Structure formats: structure tokens, C-alpha cells
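All of these numbers come straight from a predicted model, not from anything done at the bench. Each residue takes its place number in the sequence, starting with 1.
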Amino acid sequence: MKKYLLSAVAVLSAATLFTSCNDMLDTDPRVTELTAATFPGKPADVEALNAATYSIMNTLGGGDQSGILNNPFYWWSLMSDDCYGSGGLQDNVAKSLHHFTTASANQYEQDFILLYGGISRANNQIETIDNVEWTDAQKAQRNQLLGEGYFMRGLYTMWLTQLYGDVPLITSTVITEDMWDEVSAEEYIYPQIIADFISAKNLMKPERANGSGHADKFAAEAFIARAWMFWAGFYKKAGELVNADATMNLVNVAGEPITQEGLNATSVSKSDVIAGLRDIVSNGGYKLCEDFRSLWQYSNSLLWDEAHDNEDGTGNLEGTHAYPFIADMKRENCFDQPGMGNGNTEEIFQIQFMNASKWAIGGTYNNPRMYSNYLSCFWGLRNGATNDNGKRDKTYPFNQGWGQGTPSCNIWDDWTDAERAGGYTDIRKLGTLIDLDNELEAYTYEKDDNEESGYAVKKYADVNLDACAADNDSWWSKCEGYSSSSLDNKQQGDHFEDYYLMRYADVLLMLTELTGEAQWMNMVQARAGVPQTGYSLTNVQNERRWEFALEGLRFNDMRRWSGINSGEGSYAAKALQAQNGKQIVCYGQKSAKVSMGHMTCSWAKRYADTNGFLPKPQAQMTLMNNRMKQNPGWDNETPANEWTYKVLY
């Protein structure tokens, strides 16, 4: 595992390199007039620009606004059938996401602003890179930094359009009049995304980034596949991709071929995508961790040691706690051991965090908690009046948090049905979910909580140790090099687990889905200890759901398997509607469960009406003189009472 206690000086200075001004789309501004003529002037300046471009990911991953984490993958988890909104009675944004409603016209504005800010920073990095007089010896560094700029622009643009649909396509720091208009994601935005990833692939070194937090050639190839598969499935309604293909022409809004450095293609089809995935397998040097649990911080060696602390190291010392779920692991496979956890052998791209959060950090594109993986707090055990959840004698080893995004009954029930039908036990189920009533018998269903299923998130869950100083302390405080919390609040500031954006397991499952070659999926199944099956789309769909549960991929997988405008009978609509009638706990009344029901109409109808897109923020539409149109399902054609938040609890 890589060291997490990094120097924050370079990152913080880069993140604050830009001044703020409100502009069209409220995008992040260019460098000031004072520095435009001289910056960047040397390679280190471009490195600083690069860090600033990446830092938007930290504000997404660790920042929050109006009671909701900015992380779009958290949003997509809440919108899927794998999570409820839940949380406290006042947590209306989480519930709004889950029910496809909104409590205000600008409720989902923050990610719109942040993603355009990231795009603007990437554009600036691309446009100014040759302000530096690069020597021949520095050309590889120059190309790598340019490739990372293209990669990040493609990534931010992809997230933006998957959230909000057709939007303005910004590919320059100088925003011309024609850029004010939204453009078709299908025809123009996705071709630009793929073009950026191809430029990145060709410019960056053919070497693994090795958990450094930077993109590399192999990350670009993997995201070409993810972007193309969404485009082909959702927009082109290609269906089962083993038997289908779709050619994407890489054209700009004028209908002309996109031209930019590093781009050596005019179109992309399935064979190109497959070739990139095969290159990752053959030349990337990635491999699955032997044990699925090695990916997650609950398997750290300090917690493992507490399960083996008797004299001969074979078991638990009487009178101390132990977490039996990881006791059978090999110690060398624990999260904080070499090749595991952060920077592990299957991690292709990630958001990294470090002990550098500060209450004084502020501004539109920054956040006090931006260097903490705040998801661990949002998904922590809900704590209320009893203050019991998070105490070591009650819920060891798991800590308290906000209790949002409770895993749904559906994911547990569907997973259990699959195990029973196949006659196996999938280590990933309890590697992903906390079975509250059986694993944490002293767990308290709090009176101010709602939409509780009886399960909590184990992936990304923060854990405590007997060795820690107090209840709700974090195991990170016992890691080598730790001195104190940079935020002076361990619950909110001390979360340093990488957020995985691309894992090697995804490459393998995409390869099977595109080719029908089951051996790649079988590698993932073998690691989980489940029967190895032949290819079928259903088998791939199930494997993706189990392997990546609560990592934010499920919702967009459902969308691409459904296709746009497929109505209430689509894969996604039916999966979401299956939540209806599930028995949940509200107000702490476990003995009087209530039926889960949609807030306004039905999940199937809300998904069908919106195609899974969020509403465009009214403030941004007004800023653009209403040249950006509201998405279907959120506009005047849809009755307001269907998309307006309603208090349920």
C-alpha cells in the first residue's frame, strides 16, 4: 500500500492557482492577466496545472454541498436499485436522488459547476503547454502531461453528460458564442470524449502509473471501452454487444473530423475497443488481488492482528475484540500490505486522498474535506440519540457516520437467491455488505433514521481498533507516519482509502461482454470462489452487479442495457421498480416495518420519463439565456407533482 501522508503544499498551491469569477456556465476561469503571459513558463508550472486539473476529483470525492457528497458515483449508487436514499429525516437530497425528484431548481448544481471547472482547467493545460520551451530530453514529460490533460477533459465531460445529458461542449478556454448551445451527446459529445481518450492513449507513456494517482495509457484504453459501451448501448440501443456493433464517427459540431494532437483515428468500432482491452491484459501488468477483501480497508493488518492476539497468534485474546470475517485471510493479503489496498495490483485509476484537509480551504472548486474520502462518513453507521453505533462494545469494528445510502433489500435478496440457486457462497456479499442483525447484534436502529434495510455498506466503511484512543477513532490514526488529524476531526477528515474509478476486474468483464470469451469473467468468478460459468449476457450482468456493488457502476450499466427511451419495460425500469413493497425500518421501529414505496408515482415511470438524467440547474440555464433546454421528465411537459420532492417520513 502506498504512503498516504503526502505533502500537501504542491497540491494546495495548485488547487488555488486560479482566481474566481462567475462566467458562462460558471466554469473555472483561466489564469489571471498577470500570469497569462508568463505561466506556465517551466515544466514544474505545467505539473502544477496538472495537479489543479486532478484536484477537481478531490472536491468531487471529498467535498459536499447541501447535505450530499459531491461524488457522482455516490449519486449513481443512490439512483440505482442497490441503495436507498435513507439517512436522517432531514436528508432530502439523498432521498430525492433515489426517487428521481428534486426539492429545488438548483439542487444538483454543484457537480455541474465542478465538472465544467475541471474541463476548463484541462483546456487551459492543453492550450498553454507549449508556452514552455521543452528540450528534446523533456518531450516525453511534455507528452505525458498533455495526454493527462486530454484524459481528464474526456473524463470530466463523460461524467457531465452522463449526469445531465445534452449540454454545451466546451473544448477551449475561449468560450465562443456558438458554445453556449447544448449539443447532442450521441452525435458530438461522445465522439469528443473518445477522441480525448485516444489522444491521451497515444501521448502518454506505455507504462503503468502504479497507483500514483495519474492516468496512463492503459487507463485511457479502459475508459475508451467504458465510454463506447455506454454510447453503443444507451444511445444506439445495440443490445447484446457480443452480437452487435456500432461505429462512432469522430466528428465535431460542424460535422468535420476532429483534429487534435495524438488523435490518429476518424472512427471507433467494437474491434478497436476490444484491441485496447486486450492490450491492457497483455501489456499492462495488472492482476487481480488474490483475495477480494484485500481491496477494502476493513481488511487492514492492524485489525487482523487483533483477531490473532493470543499468545500463539492463532486466535483472539480473551477480553478483547476480534473481527472474524477477516480472521482467515493471509496476513500478507491485508489491505495495508505491499500490492494490496491503495495502489494494489488491479487498481487502474482512482481518486487519491491524504491527510491534508483543512477547515480554511474554501472556494467554488475546493472544499475543507476534499482530501478525505468523505464517502466513508456518509456510508458510516447512522448515529442518533442513543450514541451507541460506533462504540467498540456495540458495533466493533465499524464506526458511525451519516447513514445515508443504505444498501437496498434488493441487492441482498437477489444475491442470496443467486447463491441458493447455484449452491455456493459468494465472499463478495459479506465483503460488500454488513449484515447488521447478524454481524453487529448490538446495532441500534435510530429513531431519526429511515429507509433502513438491515444492511450497511462494508466497502469504504471506516473501522476502529481496540488499539485506538477512543470510540469512533479511525484505524488510520495507528498507521506509520500519522501524527494528528489535519481537520482536527477524525470522523470527517481521516479517510484515506482510494476511490476506485477503474479496476482490472472491469477490464476483464468488459472483455467478456464484448467478445463472449468466458475465460476473462471466469478469472473474476474464481477469485470470488463462485462457479465458473459460460458466457451469457445475464451471467455478465450478474457478475458486474456483484463485483462492483456500491462502486457506482450499476446505474449506468442498467441504462446501457436498457437503451434510451425504452419505457417502463426496460431492464433499468423493472429493476428499480422491484424495490416497491420491500420491508424497511423507519423511526427505529424494527418490529413494525413498513413497505417501501415511491415518493410520487413509481420508479419505473420516473426512470422512463427521465432516462436516468438529472435536471439541469435552473441557475445555469438562466445564465445562458435559456439556450440550454431542460431534460425530459423535469420540464413543463411532466406534471410537477411527479418530480417535486415530497416529505415521506
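- Partners of Ser408 according to the side chain to side chain contact (heavy atoms under 4.5 Å, CB included) rule, which considers only residues two or more places apart in sequence or in another chain, are Tyr84, Asn410, Ile411.
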message = Walk me through whether Tyr323 and Phe398 qualify under ring pair (Phe, Tyr, Trp, His ring centres under 6.0 Å).
response = CA-CA 10 Å; Tyr323 185 42; Phe398 297 106; 5.5 Å; yes
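- The two residues Thr364 and Gln110 come nearest to each other via the heavy atoms O-NE2, 3.7 Å.
- In summary, Lys459 and Glu551 engage in a salt bridge, as defined by a charged side-chain N under 4.0 Å from a carboxylate O.
- Screening Trp159, Phe112, Tyr108, Tyr116 for a ring-ring contact (aromatic ring centres under 6.0 Å, His included) with Tyr164, the sole residue that qualifies is Phe112.
- Salt-bridge formation is not detected for the pair Glu441/Lys394: no Lys NZ or Arg NE/NH1/NH2 atom is positioned less than 4.0 Å from an Asp or Glu carboxylate oxygen.
- Under the 3.5 Å distance criterion, with hydrogens and angles disregarded, no donor-acceptor pair is assigned to the side chains of Gln492 and Ser372.
- By the neighbour-count criterion of 12 heavy atoms within 6.0 Å, atom CD of Gln90 is densely surrounded, having more than that number from other residues, nucleotides or ligands.
- Listed by chain and number, the residues in a side chain to side chain contact (heavy atoms under 4.5 Å, CB included) with Thr314 are Asn310, Asp312 (sequence neighbours excluded).
- Judged as a side chain to side chain donor-acceptor pair (under 3.5 Å), and not counting sequence neighbours, the contacts of Glu497 are Gln297.
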inquiry  = Would Lys391 and Asp393 count as a salt bridge (Lys or Arg N to Asp or Glu O under 4.0 Å) here? Give the steps.
reply    = CA-CA 6 Å; Lys391 290 181 178 178; Asp393 62 347; over 6 Å; no
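- Side-chain contact check for Tyr54 and Gln352: no donor-acceptor pair (N or O, by modelled atom type) lies under 3.5 Å.
- Look at Asp216 and Arg208 and you find no salt bridge, because none of the NZ, NE, NH1 or NH2 atoms lies under 4.0 Å from a carboxylate O.
- Qualifying side chain to side chain contact (heavy atoms under 4.5 Å, CB included) partners for Asn472, counting only residues two or more places apart in sequence or in other chains: Asn399, Gln400.
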request  = Using the salt bridge (Lys or Arg N to Asp or Glu O under 4.0 Å) rule, take Lys287 and Glu346 through it: C-alpha gap first, then chi angles, then the decisive distance, then the call.
outcome  = CA-CA 5 Å; Lys287 64 177 181 178; Glu346 67 180 272; over 6 Å; no
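- Taking the charged nitrogens against the carboxylate oxygens, Asp305 and Arg331 do have a contact shorter than 4.0 Å, which makes a salt bridge.
- With salt bridges taken as basic N to acidic carboxylate O contacts below 4.0 Å, none links Lys478 and Asp466.
- A salt bridge links Arg428 with Glu547: the closest approach of a Lys/Arg side-chain nitrogen to an acidic carboxylate oxygen falls below 4.0 angstrom.
- The side-chain contact (heavy atoms from CB on, under 4.5 Å) test with Arg503 is passed by exactly one of Leu295, Leu288, Ile348: Leu295.
- Note on Asp557 versus Arg554: no salt bridge recorded, every NZ/NE/NH1/NH2 to OD/OE distance being 4.0 Å or above.
- Ser591 meets the side chain to side chain donor-acceptor pair (under 3.5 Å) test with no other residue; sequence neighbours excluded.
- Residues that satisfy the ring-ring contact (aromatic ring centres under 6.0 Å, His included) test with Trp603, not counting sequence neighbours, are His98, His99, His598.
- Annotation: salt bridge (Lys or Arg N to Asp or Glu O under 4.0 Å) contacts of Arg369 (sequence neighbours excluded): Asp64.
- With respect to Arg382 and Glu452, no salt bridge is recorded, no charged nitrogen being found less than 4.0 Å from a carboxylate O.
- Salt bridge status for Arg545 with Asp414: present, with a side-chain N to carboxylate O gap under 4.0 Å.
- Here Arg559 pairs with nothing under the salt bridge (Lys or Arg N to Asp or Glu O under 4.0 Å) rule; sequence neighbours left out.
- Of the possible polar contacts, none joining the Glu306 side chain to the Ala322 backbone as a donor-acceptor pair under 3.5 Å is found.
- With sequence neighbours left out, the salt bridge (Lys or Arg N to Asp or Glu O under 4.0 Å) criterion links Asp111 to no other residue.
- Taking Tyr445 as the reference, Asp437 meet the side chain to side chain donor-acceptor pair (under 3.5 Å) condition, with sequence neighbours excluded.
- Between the side chains of Gln404 and Tyr74, at least one donor-acceptor pair of N or O atoms lies under 3.5 Å.
- In summary, of the residues considered (Trp546, Tyr424, Tyr455), a ring-ring contact (aromatic ring centres under 6.0 Å, His included) with Trp415 occurs for Trp546 alone.
- By the salt bridge (Lys or Arg N to Asp or Glu O under 4.0 Å) test, Asp413 is found to be paired with Lys582, residues two or more places apart in sequence or in another chain being considered.
- Evaluation of the side chain to side chain contact (heavy atoms under 4.5 Å, CB included) rule for Ala526 yields Gln532 as partners, not counting sequence neighbours.
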